[in-house]
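Hydrogens, waters and symmetry mates play no part in the numbers below; they use all other heavy atoms, side chains included. Lettering of chains follows the sequences in order, A, B, ..., and the numbering in each one begins at 1.
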Amino acid sequence: MSSPIASFAGYLDRRIGRRADPPSLWPTGFGALLSHVAIVAFLVLFATGVLLAFAYQPTVEPTVYEGSSELYDGQTLPGAFASIITISEDMPGGLLLRRIHVAASHLLLLSLVAHLLRVLVTGAFRRPRLATHLTGVGLMLVAMGFSYTGEIMPFGLVSGSSLRIAEAVMYSLPFVGEQLGTLVFDGELPSDRFLFLSWFAHLFLLPPAFIALTGWHLWQVHHRRPALEPRPDVDVAITAVGRPLWPDAVARFAFLTAGLVALLMLASILIPWSDLELEGPFLTAEATNSVHPPWPLFFLTGGLRIVPAIEFVIFGVRITNVLVAGVVIPSLLVGGLALYPFLERWVLKDDAEHHRLDHPLDVPFRAGAVTFMTTVALVLTFGGSVDVLAFWLTVPVEGVVLTFRIMLVTLPLLLAALAVRASRRRLARRHEQVPTRRRSDEEVS
Amino acid sequence: MSGSLPTEPAGRRPTEPTGPSPRREDFRPMWVYGWLGAAGVGLIVLTVLWFGGAGVEVLGTVGLVVALAVSVALHHVVVTQDAGERAFARPDTSGFDVPVLVKRRHVVAGGTAVVVGGLLALFGLQRFAPRPPPGSDWSAGSALVTIDGTRLQPGDVPLGGVVTVWPEGFEGTERAAVMLLRLRDLPEPPTLLDGVVDETLIAYSRLCTHAGCAVALYRDVDQALFCPCHQATFDARRAATPTAGPASTPLPQLPLGLAPEGHIIATGDLTARPGPVGGTVDV
């Protein structure tokens, strides 16, 4: 296929293709799929976000909404919420744009979580890919920032609660917390400052950060090559597996993009994502049942719900539930995710370069550690919906909270022990199998 | 599976196919152009409907059809143009010519700068930035009013009723929001019993001492105040002491009294600063 696109792809390939291997190979395997889904989701978010940004107004100033929403016509609403209703009800295609934007945000976070989990369990983070892993964790944090600020921006009833909770987490910091909270939130609501900060971050700080980090991440992947899956047809001397950029890799990426756009369209018809009409605008000193942040932040609210009501002073620092659940546990989790490669390198005394992926049970220490971190994150995440669980199970919420407290302490250790055991047994089995196979080979020959 | 590829002892070699060879079909341009054309027509229809103000279901369905048509065309390209996965082997797997841009000394220097700058910023913040005021807008004699400024008589709050009130002149402010409750039973110590009016009319700050949400729910069965954000539960009869959930501090109580005209007033400020307990310890 010789066309302008083909020659452009060839030019790109020559410019940025790996110098060592002409013609360069572009990864198209499962690992590439997860990252390509994230890239497509981000492109969709960017395109819909730019269109939505023109109609959104980051202000809490009361404005009278006039439009085709029967529920809110003629009512005085915070400016931000009124602009969201205008987008949904009066702007052509606005509701579709909003729903696709929200659905794509779920897709982005899901693919990032899956990607990170795959990197952790397969040991893809080992030298020389430590820096790649760190930029990946950075991307995850930026995506969470998108989630949080995106939830604040509509200024609905739940946004107000989220905002207060973030303020409480800042207040809980020792020595500087109250000053920091006052600085960021500008005292009591209705204050424009935090809404403006969220809007500014969501539109002008986080997107450049995400694009820059993605660029850096992909540059690192490109130069260090993805670690390869252990396959019988790929022997140890092979350093790269993939497809030529044109037309194979480009066609696959384009096909994935079209397919995912179709999926997002379907999701937007079927699911009323972020339907704020019934939730209503922010009202001073009001809250509603089932207050939940976006799911990527469930682990934060889960911690705030599960960690017991503690309050004691040690060395002039007041330790509260909010400090433990809102600052200490998230820092440990994110720090653990980011620094786990360095921990493993130190514990296993393995400083060598690795270019092959492991089976998740190949290294007992890793199996245990990753299971531990994942279980903590999952218990906290499900703990974010104790109220919903209590409603479904028709049991008192106190009982559900107690169950989660017990699970938070026991389940990670228990499952980690099981993972280590399974990993050791797998290793033992493989050690037994190797001589057996050799013997049978000899018998055959 | 084709088995391990043989490796040459030295030198580079071109890429070789690996795995099963792909299913080759004939590339049919008319198939691709047909579906892309259909997608183009769909796109025009979508644009017309978009600016015609069609609903989300219609736009979504047309968009879905367009995306699916493009997918069908591209799937044909993917299937027919696939030359199969290829592998590249080099005898020497080490020695990646990876340019190391960030050196250890850069990390050390950057880290030191961040730590020193951060500590200086935190010191400045701790020293010079304002802290939230210790009290609230309540003072002795402030009348309790609803959001639209109506003063309240004891008879306005029915049994089990909860009314959100503000000090007169501060309606709708965040930290001064207080809820006025009519309990079923008489309050007990450690409640500030002097601050109770009409035997069972009692007022607490609306802001949760845990994370600052509005304690918006009242459970009449056990006369408990319930925060929907993190399920903190407070006993409304006993000074709003936390009974379950993550809160460790009671809700501040607002001492109530009656004005000569008969409406309810505050006889002082809230018993503590409303809202979440900060990490700073006052000495």
Side-chain angles (χ1 to χ4, degrees), chain A residues 21 25 92-93 95-96 161 164-165 167-168 171-180 182-183 188-189 223-224 232-235 237-241 247-248 251-252 254-255 258-259 261-262 265-266 268-269 284-287 289 291 304-305 309 311 313 316 318 320-323 387 397-398, chain B residues 1-2 4-5 7 18-19 50-51 53 56-57 59-60 63-64 67-68 70-71 74-75 77-78 81-83 85-91 93 98 122 125-126 129-132 164 172-175 177 206 211-214 216 228-231 242 244 246-248 276-281:
Chain A
D21 32 347
L25 295 177
L95 187 57
L96 182 70
S161 299
R164 279 278 88 90
I165 294 165
E167 188 189 45
Y171 270 26
S172 76
L173 291 168
F175 307 120
V176 293
E178 296 183 353
Q179 289 88 332
L180 195 64
T182 311
L183 196 71
E188 52 189 333
L189 286 168
H223 277 277
R224 287 161 178 77
D233 59 330
V234 175
D235 70 19
I238 286 176
T239 55
V241 173
D248 300 44
R252 271 158 194 266
F255 172 57
V261 168
M265 289 281 180
L266 188 67
S268 309
I269 308 167
T284 311
E286 278 307 330
N289 247 330
V291 180
L304 288 167
R305 290 167 189 218
E311 183 172 341
V313 176
R318 183 183 284 122
T320 56
N321 161 290
V322 183
L323 184 70
D387 51 344
V397 71
E398 289 83 2
Chain B
M1 289 289 152
S2 60
S4 296
L5 291 167
T7 47
T18 172
W50 191 288
F51 291 104
V56 62
E57 291 83 5
L59 290 178
L64 174 64
L68 282 178
V70 175
S71 305
L74 287 171
H75 182 259
V77 176
V78 167
Q81 298 297 307
D82 188 8
E85 206 169 42
R86 288 170 172 270
F88 174 73
R90 276 199 302 186
T93 50
V98 179
L122 288 183
L125 201 64
Q126 201 262 340
R131 288 181 60 182
T164 310
T173 52
E174 188 88 24
R175 294 194 201 285
R206 181 87 165 160
C213 279
C229 285
H230 306 109
Q231 291 76 46
S248 49
V277 185
T280 311
V281 182

| request: Side chain from CB out, backbone as N, CA, C, O: work out which of these in Gln231(B) comes under 4.5 Å of a heavy atom of chain A, or both, or neither. | output: side chain
| Between Glu398(A), Met265(A), Glu178(A), which residue shows the highest count of heavy-atom pairs closer than 4.5 Å to chain B? | Glu178(A)
| message | Tell me the closest heavy-atom pair linking Leu125(B) and Gln179(A), and the distance in Å. | response | O-CG, 3.4 Å
| note | Applying a strict 4.5 Å limit to non-hydrogen atoms, the region of Pro246(B) in contact with chain A is both
| query | Is a side-chain donor or acceptor of Arg252(A) paired with a backbone partner of Val78(B) at a separation under 3.5 angstrom? | reply | no
| said: For a 4.5 angstrom cut-off between non-hydrogen side-chain atoms, does Leu96(A) reach Trp50(B)? | reply: yes
| Atom of Glu311(A), atom of Ser248(B) and distance for their closest heavy-atom approach | OE1-OG, 2.7 Å
| task | With a 4.5 Å cut-off on heavy-atom pairs, point out which of Ala168(A), Ala287(A), Ala309(A) contacts chain B the most. | result | Ala309(A)
| Less than 4.5 Å apart, any side-chain heavy atom of Ile165(A) and any of Cys229(B)? | yes
| Atom pair NE2/CG of His230(B) and Asn321(A) - distance to nearest 0.5 Å | 8.5 Å
| task | Could you look at Arg131(B) and say if it's the side chain, the backbone, both or neither that has a heavy atom under 4.5 Å from chain A? | result | both
| note | Closest non-hydrogen atoms of Val77(B) and Ala251(A), given as atom of the first, atom of the second and distance, are CG1-CB, 3.8 Å
| Which of the residues Ala244(B), Pro242(B), Pro132(B) is involved in the greatest number of heavy-atom pairs with chain A at under 4.5 angstrom? | Pro132(B)
| remark: For Asp387(A) and Pro228(B) the tightest heavy-atom approach is OD2-O, 4.4 Å
| request: Please determine, among Ala177(B), Gly53(B), Gly63(B), the option with the most heavy-atom pairs under 4.5 Å with chain A. | output: Gly63(B)
| request: Answer with side chain, backbone, both or neither: which region of Glu286(A) has an atom nearer than 4.5 Å to a non-hydrogen atom of chain B? | output: both
| Does any heavy atom of chain B fall under 4.5 Å from the side chain of Leu173(A), the backbone, both, or neither of them? | backbone
| task | Please look at Val397(A) and chain B and tell me whether the side chain, the backbone, both or neither of the residue comes under 4.5 angstrom of a heavy atom of that chain. | result | side chain
| remark: Heavy-atom closest pair (Cys213(B) atom, Ser161(A) atom, distance to 0.1 Å) is SG-CB, 3.8 Å
| message | So which atom in Ala262(A) and which in Leu68(B) form the shortest heavy-atom distance, rounded to 0.1 Å? | response | CB-CD2, 3.9 Å
